[in-house]
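Below: the structure, in structure tokens.
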Amino acid sequence: IAPWATYNDVLKWYPCAFFDYNKKDAAGVAIDGIPVVKGAGSVTIKNGTITNYDIGVYVGASIDSTAKNLTIYGDDANAYGVEQNGGVGNTIDHLTISMVAYGLFLENGAETLVTNNTISDVAYGAYTADESNDQIIGNTMTDYTSAGWYDDYSAHQVYKNNSADGSLG
């Protein structure tokens with residue numbers, strides 16, 4: 001099944017690495033053959049490479065979703081590897097992220113599990129703001145220009161066995 005998608009169709013509204021399987025010019029109506037899931041659910045994105053984007057993976061207001069085993073790299077000094085805004089119980093695991101402004105940008109969420117990620121050649125390895133009860137374990141930040149980790153107004157965060165090179169972080 002081929003999606004009705006071109007660069008302009010998919011990316012002109014919110015640039016990220018997903019395809020839109022809606023009928024062309026019919027938002028919310030799936031093309032024939034695509035199953036439609038109703039109600040709450042989770043999404044898993046795994047085992048792939050995402051390149052040249054504004055936001056590699058956007059996790060907005062999701063519950064129990066997963067980004068795992070991905071290589072994410074950009075060529076834009078303003079790009080985000082992973083952005084979460086308002087998600088709860090999500091997992092970000094075994095990602096390799098490079099050549100972006102923010103490797104991870106997490107805000108207004110809770111209970112996110114961030115494990116075993118390698119982030120390099122960025123301004124900020126990870127920027128968190130107004131998060132709570134996240135578990136941030138076993139991550140490595142290298143070659144950043146501003147901070148390996150920057151946590152702003154978050155509460156009850158757990159940081160274990162992470163590393164960041166340089167004098168910041």
Side-chain angles (χ1 to χ4, degrees), residues 10-20 22 27-28 37-46 48 50-74 76-142 144-164 168-169:
V10 176
L11 301 178
K12 70 181 173 183
W13 294 289
Y14 206 112
C16 63
F18 297 97
F19 286 98
D20 181 353
N22 287 319
V37 178
K38 298 202 185 276
S42 63
V43 174
T44 298
I45 304 164
K46 65 180 182 177
I50 300 170
T51 62
N52 303 327
Y53 51 82
D54 288 335
I55 301 170
V57 175
Y58 181 75
V59 183
S62 63
I63 299 172
D64 296 327
S65 292
T66 301
K68 183 174 185 172
N69 298 328
L70 298 171
T71 299
I72 302 172
Y73 62 93
D76 185 339
N78 298 311
Y80 296 73
V82 175
E83 180 181 352
Q84 170 182 276
N85 190 339
V88 176
N90 295 313
T91 300
I92 300 168
D93 180 48
H94 281 92
L95 305 185
T96 300
I97 302 171
S98 62
M99 298 184 290
V100 295
Y102 296 91
L104 304 174
F105 187 92
L106 312 175
E107 63 180 349
N108 306 312
E111 301 175 9
T112 302
L113 181 61
V114 181
T115 55
N116 305 307
N117 299 292
T118 302
I119 301 173
S120 63
D121 298 317
V122 294
Y124 292 89
Y127 178 91
T128 56
D130 299 310
E131 288 279 305
S132 65
N133 299 305
D134 295 342
Q135 302 277 324
I136 302 166
I137 303 167
N139 301 283
T140 302
M141 308 295 179
T142 59
Y144 49 83
T145 58
S146 294
W149 294 96
Y150 187 94
D151 196 329
D152 195 17
Y153 297 106
S154 295
H156 308 289
Q157 301 287 79
V158 174
Y159 289 89
K160 286 193 216 177
N161 302 321
N162 298 293
S163 66
L168 300 172

For [X] and [Y], which heavy atoms make the closest approach, and how far apart are they?
| X | Y | value |
| --- | --- | --- |
| Asn90 | Gly87 | ND2-CA, 3.4 Å |
| Ala101 | Ala77 | CB-O, 3.0 Å |
| Tyr53 | Ala79 | O-CB, 3.5 Å |
| Ala164 | Gly148 | CB-CA, 4.3 Å |
| Ser65 | Val43 | OG-N, 3.0 Å |
| Tyr150 | Asp152 | CE2-CB, 3.7 Å |

Has [X] got a side-chain atom pairing as donor or acceptor with [Y]'s backbone, closer than 3.5 angstrom?
| X | Y | answer |
| --- | --- | --- |
| Thr91 | Thr66 | no |
| Asn162 | Gly138 | yes |
| Glu131 | Glu107 | yes |
| Asn116 | His94 | no |

Below 4.5 Å, heavy atoms only, C-beta onward: do [X] and [Y] meet side chain to side chain?
| X | Y | result |
| --- | --- | --- |
| Ile55 | Phe105 | no |
| Leu106 | Val114 | yes |
| Thr112 | Ile92 | yes |
| Met141 | Ile119 | yes |
| Leu95 | Ile72 | yes |

Can you tell me how far apart [atom1] ([X]) and [atom2] ([Y]) are? Round to the nearest 0.5 Å.
| X | Y | atom1 | atom2 | result |
| --- | --- | --- | --- | --- |
| Tyr73 | Asn52 | OH | CG | 7.0 Å |
| Thr145 | Asp121 | OG1 | CG | 10.0 Å |
| Ile50 | Thr71 | CD1 | OG1 | 9.5 Å |
| Tyr58 | Ile45 | OH | CD1 | 12.5 Å |
| Met99 | Ser120 | CE | OG | 8.0 Å |
| Thr128 | Gln84 | OG1 | CD | 10.5 Å |

ask   = Once the angle between the rings of Tyr127 and Tyr102 is folded into 0 to 90°, is it parallel (under 30°), tilted (30 to 60°) or perpendicular (over 60°)?
value = perpendicular
key: Candidate pair Ile136 and Gln157, rule side chain to side chain contact (heavy atoms under 4.5 Å, CB included), full reasoning   = CA-CA 8 Å; Ile136 302 166; Gln157 301 287 79; 4.0 Å; yes
task = List the steps, then state whether side chain to side chain contact (heavy atoms under 4.5 Å, CB included) holds for Ile97 with Asn117.
result = CA-CA 8 Å; Ile97 302 171; Asn117 299 292; 5.8 Å; no
